[in-house]
Structure formats: structure tokens, C-alpha cells
Amino acid sequence: MKRLLLLLSLCFCVGASAQTDSLYKEQYRPRFHFSPSVNWCNDPNGLVYHNGKYHLFYQFNPFGNVWGHMTWAHATSKDLIHWKHLPIAIAEEKDTMIFSGTCVVDKNNTSGFGKNGQIPMVAVYTGHIENKNQSQHIAYSLDNGVSWTKYNKNPVLDLGKKDFRDPKIFWYEPKQYWVMAVMFPVEHFVQFYSSGNLKDWKHLSDFGPVGDTSGVWECPDLTQVPVEGLPGKKKWVLQTSQNASMQYFVGEFDGIRFTNENPINKIVRPDYGPDYYAAIAYNQLPVAHLPTAIGWINNWNYANDIPTAPWKGAFSLPRTMKVKKVNNEWGLIQQPVAAVKTLRTRPLEIKNHGVTGTFTLPRKSRQFEMLLTYEPSASTSGIRLATGNNSYFEIGYDAVKKTVYIDRTKTGQTDFNKNFSSLSRFETPVVLKNKKLKLNIFYDHSIAEVFVNDGEAVLTAQLFSVDTNNGIEIFSNGGRSAVIFLKLWDIKSIW
Ligand code: FRU
């Protein structure tokens, strides 16, 4: 009973507290990335588009600001940028937590859950019994995702395993059935299943182990994405999360089996920073809409200890996905959804400006977007944000190693967890275009998301630097760098 009352009050809280004065203004609070008003969150779940709204369900603890009591919380958006909190969607029951999964709109009522012409939304998630069992369950909603009923014959897929989780479901048109991708975490492979009614599942094939098997595999996502520059052509992208980073494979899916077409010995990642995990793509987007994914901005190595309150965890800007073939290898191209541009304000532009040493921008901001095209120096060069009191976050190009890197070694608070301070510098090889590097940087108090060369690589990191560290500078070691074009906007708060 006590728990029920708490839950009810938190439903109110998650839904309504955004109106109070200090919420969404706390130290470290992201202003244009989604985060719950209070309490712990991890993976995005059940991303689906329905009746003009983008639904975002997510792993949530209604009882505290650390992981536990996993429950699906819920928000919706009309533009993927501004979000409205809704009551808890699917709550933990007795000994079964509601782990990650996906959601579909069952337009043809294949599940039979629809009543009086009302189209059911069906969520497929992992029921987790601690140290005992993980199996796949379903629940349905007849009021556009607001309230949910668990299927009375759950689980719908139980192999009697302790680790078996994170179903991603989608409708596979050519074969007229639902497909589930679900993880064998410890064994490092994805299983595929099919179903005509979302209740009875038939095993199709397995994919893995392959690539990065350094951590448990979680949260598979299989999505069809367009090939850049080849209208009408598409490939299938399989993303997996392996504690605590992600990787992707590009190839074909024939309704039964996924075939990877990239070199088997090369690991490629949707994000080369430390804080992008468990990303999945939206289901059932309008036809002209680019596939769009959202990831959790955090890292299990220190997630429970990050110094934020009364919430913990946030989600990436929604990212559109395409692929492109370069040197016979498929690469993922990701861009923040265009709607982010509607938040731009107070532009500042600088053109053709040489920098040797450092150049401080005539603008202070902890909530900005920057487009920067520059010719790097022969050593390291780039931008420092959140500067002040000998603290800064560095985004740079290393001309010797030919890498783009992010570095939070000298950035604010790092001592809350020893893994955070050791996971401080991340890099990835990048090829300059006509000697130039192009960066699109989003900085939001405790989050930096860096899109490199029109989305050929992305690096995302959290940083915990105080509000007074708000300077921005361009730096150039080992000679001159040439800023060809720099444009900075303050970004409005979405709350
Ligand atoms: C990934 C994950 C999933 C699981 C969920 C539990 O971050 O570990 O595998 O379903 O989080 O909250």
C-alpha cells in the first residue's frame, strides 16, 4: 500500500513537477536534452510514432535516484524536441521488474487486443526476476499509450534462462509477420524470432558472437536505413550495446537472417565517446521520415554515482540514420533531427580567422550549438568549452594521429567514481576533407555531443563542471589553425 501511494505521488511528480521553479534549472541539468524531472532513468524503450506523436518510454526507478524497481516511464513529443511527461506506463509487479523492450502499433489487430475499433499499442519487454529468470512479456494499451494492461498469459517467450533480454520488435512487410531481435547477453549473440500475433514466437536465426565481445551484449536494434546518395536504396543496420559501448553492423535482412557485409574483424561504433548506450530506433515513422534513434547518455561503469540530483540520466538528441559506402565499407551517418534548429537563438558568426595559441570567443554559454569548419594545425587544435578556473572540456584534432578526440581530464568534478576519472579521453580516426575538419557541437551543461564531418562519426560525453565555467575558446598548438567558418547559437531550454 505504501508503495502504491508512493507510486501515485511519483506519477504526479514525473508528470507535473516540471512546472515548479527550480526544476530543470539545477546544476548540471541538461536544458535541451530529455531527462526525467526526478529519479533515475536508463535505456530508452518502446520508441514508436502514433497519431502525430513520438512516444518515449524509458527505464525508470519510481522509488529513487539509483537503478532499481525497473518500470517503464513515459513521455510524448510532437517534434522530438519538446516533451510532455505522462504517468508511469508499465509498473514493476511483485518480483518482476519491467526491463527494456519496444512498442508497436498493431494496426491490423493481429494480437486481438483491439476492442471496438480501437487500435492497440503493444509493448514487448523483458520480465526480470533477479538472479533467476528473464523472459519476454507483452502488455497493451487501448488509449494511445497512457494506460497499459499486462497480458494474462505472460511470458510469451521463456527459455528458462537467467540472461535473455531486450526484445526489439518490428513489422516485416514482405513476410507479413512481426520480427523480434532479442539478446543472449552472456553468449554475445542476437536471436531472431517471428510471430503473426505477438504472442506465439518462432525461432528464425542467430547472429554473433562477432566484433566487440568485451562486455555483455544488450539492447539489439535492427532498422532499415537509406543509403546516402542512392535514392530508394536501403540497407539494414544492426546495433548492439555491449557494456559499456555500442557497435553496429550493416548488411541485409531477408526476414529470417541478418548478414553482415562489413569486414568481420573491424569494430565500428555509432558513438566513440563514453556516454552513448542502449540506443534503439523509432518504429512506424511516417514514410518520408528518416530512421531516428535515441540513446541513453550515461555509462554503467559509473552511472549510479554521477553527481546529479534529483534526477540521474538523460537521452541523446534524436539522431537520423543513413549509411554510406566508403572504401568498400558501410558507415553510419548520423545527424541530430532538424527540429533542433528551432531552438537556435542569438547567432554569432566568425569567418576566416587565424588562431595561434588560444582565441577566446566573445560569448559565454553553457547551452549552445556550434558549427565549426577549420584547417587544423600540425599538432593538436580545436575547441575548449566550459572554460574557467583552469577547468575545460576539450574537443580536438590530433594531426599526428589523425584522430578527433574529446578529453574531460581537466573538466570539473571527476572524483565521484574512479572509473569516471579513468575513462576521460576518447578518440576515433577521421579523414580531413580538403585539409578541413567540420564539427557540429551541442553543449548542454553536463552533456557534449560532437558530430564530425556531417555525421560520419559522433562522440558523446558527460562533464560535470560548475555554472561559472562558461567560456569558449579555440586553441591551436604547434602553429596556426585557420577557422574558415564558425557559427554559434545559444540553444533555448525545452522545459
Ligand atoms: C541496458 C540494460 C538492459 C536491461 C536494462 C535494465 O542498459 O542493462 O539490458 O533491460 O538495462 O534496466
Side-chain angles (χ1 to χ4, degrees), residues 42-46 57-61 67-72 90-104 111 122-139 150-170 177-222 238-247 249 253 256-258 260 277-280 296 300 303:
N42 56 292
D43 316 359
N45 297 151
F57 300 90
Y58 54 96
Q59 291 283 281
F60 181 70
N61 180 357
W67 185 88
H69 301 289
M70 283 298 110
T71 290
W72 278 29
I90 311 178
E92 173 192 36
E93 68 182 57
K94 288 190 263 87
D95 55 351
T96 308
M97 289 196 222
I98 314 299
F99 269 24
S100 288
T102 45
C103 190
V104 291
S111 61
V122 180
V124 187
Y125 59 89
T126 298
H128 168 88
I129 305 174
E130 193 74 1
N131 290 324
K132 234 174 151 178
N133 180 265
Q134 291 184 340
S135 55
Q136 314 324 320
H137 295 227
I138 58 180
K150 289 173 187 138
Y151 179 43
N152 57 15
K153 297 204 180 75
N154 275 333
V156 292
L157 182 58
D158 183 5
L159 305 182
K161 285 180 70 69
K162 189 162 92 52
D163 289 282
F164 175 49
R165 60 181 177 267
D166 307 337
K168 164 78 190 215
I169 316 294
F170 60 91
Y177 57 48
W178 301 100
V179 170
M180 178 196 293
V182 58
M183 208 59 109
F184 269 50
V186 182
E187 299 87 347
H188 305 121
F189 65 83
V190 185
Q191 281 207 323
F192 295 101
Y193 289 81
S194 70
S195 173
N197 60 7
L198 293 162
K199 294 170 179 161
D200 305 304
W201 293 93
K202 180 176 158 244
H203 179 228
L204 297 171
S205 65
D206 299 342
F207 178 80
V210 60
D212 186 348
T213 55
S214 61
V216 289
W217 279 28
E218 304 181 309
C219 302
D221 183 74
L222 182 63
L238 176 65
Q239 302 197 74
T240 63
S241 293
Q242 52 290 310
N243 209 342
S245 62
M246 291 191 66
Q247 66 183 336
F249 307 90
F253 180 68
I256 294 174
R257 193 170 293 281
F258 173 78
N260 178 33
Y277 197 70
I280 55 169
W296 175 46
W300 282 119

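The structure displayed is predicted, hence computed values, not measured ones.
Contact check for His128 versus Thr96: no side-chain heavy atoms found under the 4.5 Å cut-off. At least one side-chain heavy atom of Val104 sits under 4.5 Å from a side-chain heavy atom of Leu198. Contact of the Asn154 side chain with the Glu93 side chain is not registered, since no non-hydrogen atoms from C-beta on lie closer than 4.5 Å. Trp300 places a side-chain heavy atom less than 4.5 Å from the side chain of Glu218.
For the atom pair OG1 (Thr126) and CE (Met97), the distance works out to 12.5 Å, reported to the nearest 0.5 Å. Note that CZ of Phe192 and CG of Leu222 are 5.0 Å apart. Values are rounded to the nearest 0.5 Å. One finds the CD1 atom of Ile256 at 8.0 Å from the OG atom of Ser194 (value rounded to the nearest 0.5 Å). Atom CD in Glu92 sits 5.5 Å away from atom OG1 in Thr71 (nearest 0.5 Å). Taken to the nearest 0.5 Å, the NZ atom of Lys162 stands 5.5 Å off from the CG atom of Asn131. Here Trp72 contributes atom CH2 and Asn45 contributes atom CG; the two are 5.0 Å apart, rounded to the nearest 0.5 Å.
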* Residues Asp158, Asn133; criterion side chain to side chain contact (heavy atoms under 4.5 Å, CB included); working and verdict -> CA-CA 9 Å; Asp158 183 5; Asn133 180 265; 3.1 Å; yes
* Could you walk me through whether Ile98 and Lys150 pass the side chain to side chain contact (heavy atoms under 4.5 Å, CB included) check? -> CA-CA 11 Å; Ile98 314 299; Lys150 289 173 187 138; 4.0 Å; yes
* Go through the steps for Leu157 and Met180 under the test side chain to side chain contact (heavy atoms under 4.5 Å, CB included), then give the verdict. => CA-CA 11 Å; Leu157 182 58; Met180 178 196 293; 3.8 Å; yes
* Asked: Which is it for Phe57 and Ile90 under the side chain to side chain contact (heavy atoms under 4.5 Å, CB included) test, yes or no, and what are the steps along the way?
  -> CA-CA 9 Å; Phe57 300 90; Ile90 311 178; over 6 Å; no
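Taking all atoms of both residues into account, the shortest heavy-atom contact from Pro44 to Ile280 is O-CD1, 3.6 Å. In this structure, Val216 and Arg165 approach most closely via the heavy-atom pair CG2-NH2, 4.2 Å. Nearest heavy atom pair, residue Met246 against residue Ala279, reads SD-N, 3.5 Å. Shown here for Phe189 and Met183, the closest heavy-atom pair between the two residues is O-SD, 3.4 Å. The two residues Ala278 and Ser241 have their closest heavy-atom pair at N-OG, 2.9 Å. For the residue pair Pro220 and Val190, the shortest heavy atom distance occurs at CB-CG1, 3.9 Å.
Tyr151 contributes no side-chain N or O that, together with a main-chain N or O of His137, makes up a donor-acceptor pair within less than 3.5 Å. At least one donor-acceptor pair closer than 3.5 Å links the side chain of His188 to the backbone N or O of Gly215.
For the pair Lys168 and Asp166, the salt-bridge criterion is not met [side-chain N within less than 4.0 Å of a carboxylate O].
Between Phe253 and Phe170, the ring planes lie perpendicular to each other; the angle is over 60°, past the 30° to 60° tilted range.
Among the candidates Trp67, Phe99, Tyr58, the single residue satisfying the side chain to side chain contact (heavy atoms under 4.5 Å, CB included) test with Asn42 is Trp67. When each of Phe249, Trp217, Phe184 is paired with Phe207, the ring-ring contact (aromatic ring centres under 6.0 Å, His included) condition holds for Phe249 and for no other.
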